[in-house]
Amino acid sequence: MTGNIFDEALERATLFRNKEHLRHSFRPSHLPHRDREVEQLSFNLLEALRGQIPSNMILYGVTGAGKTAVTSFVCNQLVEKGEQIGRSVHAITVNCRQIDTQYRVLTHLGNSLLEDHEVDEIPFTGWPTDRVLNELVRRMEQRQGVYILVLDEIDHLVRKAGDDLLYNLTNLNSSLNKARCCVIGISNDLKFTDFLDPRVRSRLGQQDVVFNPYVADHLRDILVERASSALRDDALDEGVIELCAALAAQEHGDARCALDLLRVSAERAEMEGSPMVGMHHVRAAQSQIEADQITPVIRSLPSQQKLVLAAVLLAERSGAKGIQTGEVYDIYDQACLHVGKSSLTPRRVSMLISNLDMLGVITARTVSRGRYGRSKEIHSSLPPNVDAERIISESDDDLAPLFAATYRRQTRL
DNA sequence: TGTCCACTGGAAGGGAGGGCTT
DNA sequence: AAGCCCTCCCTTCCAGTGGACA
């Protein structure tokens with residue numbers, strides 16, 4: 001047998017024209033049902049093209065409501081226009097879920113202002129924070145122009161690190177002479193400003209824009225538009241787009257979810273060699289996406305967090321349902337003993353349980369049982385096709401003995 | 001109505017680890 | 001090398017909580 005293993009795959013007819021158009025990182029030239037929001041943002045940011053300071057803004061809305069897409073679309077257009085008319089406008093976006101401390105956000109902003117030939121990056125640790133801030137100001141002054149600082153998932157940062165950063169950033173114009181800046185915060189949480197100092201709140205929330213969730217019809221329009229450039233004309237069976245839109249509408253109108261569904265459905269259909277994406281591909285894609293999202297989350301949990309999850313799984317394996325924090329702690333404690341790790345305090349474990357809840361791996365509901373105390377009622381909330389015990393065993397050798405009876409790791413001697 | 005349970009969750013701070021400056 | 005700074009993970013302390021029960 002000769003030939004390359006990719007020969008056959010390359011020759012196989014594809015359902016895609018351009019798969020990139022179905023990814024959420026793709027920025028289309030038109031955003032259906034977001035005209036009002038685009039206009040609100042561009043009306044404010046127009047000031048930058050006049051060399052003035054635009055108002056700071058907060059954009060609210062659920063995940064996948066188009067906040068990031070609208071902001072990035074408007075900022076790109078703004079920067080492009082600035083270049084055309086000779087006004088220096090810079091837009092810098094920071095995802096505060098990944099970059100979630102004051103120091104790191106300032107470092108990221110400062111380092112994104114480096115010219116290509118410059119090499120003096122601000123180190124990821126070691127400097128006092130005010131020095132990083134001063135360096136940021138210095139670089140902005142040096143390059144001049146108007147800066148649009150976009151802080152995506154700002155609610156996450158505020159909850160974790162407080163509002164010092166926002167205080168500093170919204171106060172930046174008082175230290176700037178040749179440059180100007182405005183801050184756009186993007187939040188999934190309408191109430192995050194409750195955590196802010198009143199001065200920061202009033203400075204940051206000069207203009208609020210609320211993005212309502214997409215309804216099924218909106219999602220359908222988005223999918224039709226994307227599918228027309230991403231997929232071949234005859235690639236979709238009747239009702240596929242409507243089903244994707246309806247399922248995503250149930251997920252709080254999440255456009256990312258709708259796009260993922262359509263893309264993964266098409267990938268599955270293509271893998272099967274099917275000439276068309278059918279409804280059953282969408283159903284299969286839905287459970288595959290759920291599993292694909294949760295698996296890396298479990299795999300990348302720190303060891304102690306995995307032990308807590310293991311305790312929940314072990315309790316459920318023995319038939320328990322809705323177990324309490326104290327019971328989880330007892331099992332966790334024994335599990336630590338079993339694998340030879342030292343156990344953490346109940347306070348810390350309580351926090352780890354809350355973290356697992358936030359990640360969507362378990363659900364932990366606070367319930368009061370009268371004189372029998374107040375605790376959390378804990379259930380695992382993993383999709384049925386996710387084998388968490390196996391993922392834990394395979395990703396952390398030390399924890400494998402916990403589920404040893406079920407999964408014997410194949411060791412190569 | 002007051003007590004009590006089994007916690008929750010905020011606050012403060014310790015210490016290890018990584019890096020910078022002097 | 002010493003001193004300083006930041007992050008991360010963790011502990012300790014403690015006030016607060018909701019509702020069953022005496």
Side-chain angles (χ1 to χ4, degrees), chain A residues 94-111 114 118-139 153 155-169 189 191-192 194-197 297 300-312 315 320-337 339-359 361-379 396 398-399:
Chain A
V94 185
N95 186 318
C96 301
R97 182 169 288 274
Q98 288 146 13
I99 300 173
D100 60 359
T101 65
Q102 172 171 219
Y103 184 93
R104 278 157 65 186
V105 171
L106 291 173
T107 305
H108 179 88
L109 292 173
N111 285 339
L114 281 180
E118 289 177 305
V119 287
D120 49 345
E121 288 212 341
I122 303 169
F124 69 87
T125 179
W127 285 15
T129 306
D130 52 354
R131 182 173 167 198
V132 182
L133 186 66
N134 291 338
E135 179 63 17
L136 174 65
V137 169
R138 193 190 66 75
R139 290 181 186 187
E153 307 212 41
D155 45 326
H156 186 78
L157 176 97
V158 169
R159 225 170 279 123
K160 196 187 161 203
D163 58 5
D164 287 354
L165 173 76
L166 296 181
Y167 182 87
N168 288 327
L169 288 184
D189 177 5
K191 289 190 172 166
F192 95 96
D194 293 354
F195 295 93
L196 300 178
D197 181 287
V297 171
S300 62
L301 290 173
S303 186
Q304 287 290 349
Q305 191 107 46
K306 279 188 189 140
L307 271 162
V308 175
L309 177 60
V312 176
K321 283 197 177 126
I323 35 171
Q324 290 178 60
T325 307
E327 294 169 86
V328 172
Y329 186 80
D330 290 343
I331 300 170
Y332 157 84
D333 204 28
Q334 286 173 38
C336 287
L337 205 65
V339 298
K341 288 193 181 275
S342 50
S343 55
L344 305 175
T345 58
R347 173 70 188 92
R348 180 70 190 141
V349 169
S350 170
M351 179 138 278
L352 294 180
I353 288 171
S354 300
N355 285 348
L356 289 173
D357 184 28
M358 258 181 8
L359 291 169
V361 181
I362 61 172
T363 54
R365 194 167 56 98
T366 306
V367 289
S368 179
R369 302 190 311 137
R371 68 172 306 142
Y372 303 108
R374 198 162 171 260
S375 179
K376 279 183 170 143
E377 201 175 84
I378 299 157
H379 302 266
D396 201 324
D398 294 345
L399 307 189

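Residue numbering restarts at 1 for every chain, and letters A, B, ... go by the order of the sequence lines.
- With sequence neighbours left out, A/Asn168 forms a side-chain hydrogen bond (donor to acceptor under 3.5 Å, both in side chains) with A/Gln102.
- In this structure, the side-chain contact (heavy atoms from CB on, under 4.5 Å) partners of A/Ser368, at least two apart in sequence or on a different chain, are A/Arg374.
- For residues 320-329 of chain A, proximity to DNA chain C is found at no residue, defined as any non-hydrogen atom under 4.0 angstrom from a strand atom.
- OP1 and OP2 of B/dT8 both lie 4.0 Å or more from every side-chain N or O belonging to A/Thr366.
- Contacts of A/Tyr103 classified as ring pair (Phe, Tyr, Trp, His ring centres under 6.0 Å), with partners at least two apart in sequence or in another chain: none.
- For the pair A/Glu327 (side chain) and A/Gln324 (backbone), a donor-acceptor distance under 3.5 Å is present.
- Over its full length, the helix from B/dT1-C/dA22 to B/dT22-C/dA1 turns its helical axis through 30°, comparing axes from the five pairs at each end and rounding to 10°.
- For the side-chain hydrogen bond (donor to acceptor under 3.5 Å, both in side chains) test, no residue two or more places apart in sequence or in another chain qualifies with A/Thr366.
- Listed by chain and number, the residues in a side-chain hydrogen bond (donor to acceptor under 3.5 Å, both in side chains) with A/Arg371 amount to none (sequence neighbours excluded).
- Across residues 368-378 of chain A, A/Gly370, A/Arg371, A/Tyr372, A/Gly373, A/Arg374, A/Ser375, A/Lys376 each have a non-hydrogen atom less than 4.0 Å from an atom of DNA chain B (numbered order).
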**Asked** Which letter, B, S or -, goes with each nucleotide of nucleotides 6-13 of chain C from 5' to 3', with contact meaning a protein heavy atom under 4.0 Å?
**Response** BSSSSBBB

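- Between the CD atom of A/Glu135 and the C1' atom of B/dT21 there is a distance of 15 Å, rounded to whole Å.
- Distance alone, capped at 3.5 Å, is enough to place a donor-acceptor pair between the A/Asn111 side chain and the A/Ile122 backbone.
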Please tabulate, one pair per line, all N/O donor-acceptor pairs under 3.5 Å involving side-chain atoms of residues 124-134 of chain A, not counting sequence neighbours.
from	atom 1	to	atom 2	distance (Å)
A/Asn134	ND2	A/Asp130	O	3.2

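- In this structure, A/Thr325 contributes its side chain and A/Ser375 its backbone to no donor-acceptor pair below 3.5 Å.
- Legend: side-chain hydrogen bond (donor to acceptor under 3.5 Å, both in side chains) pairs involving residues 347-357 of chain A, not counting sequence neighbours, sorted by first then second residue: A/Ser354-A/Lys376.
- In this view, A/Asn95 satisfies the side-chain hydrogen bond (donor to acceptor under 3.5 Å, both in side chains) rule with no residue, not counting sequence neighbours.
- In plain terms, the two heavy atoms of A/Cys336 and A/Ser342 that are nearest each other are SG-O, 4.3 Å.
- Note that CE of A/Met358 and NE2 of A/His156 are 7.0 Å apart. Values are rounded to the nearest 0.5 Å.
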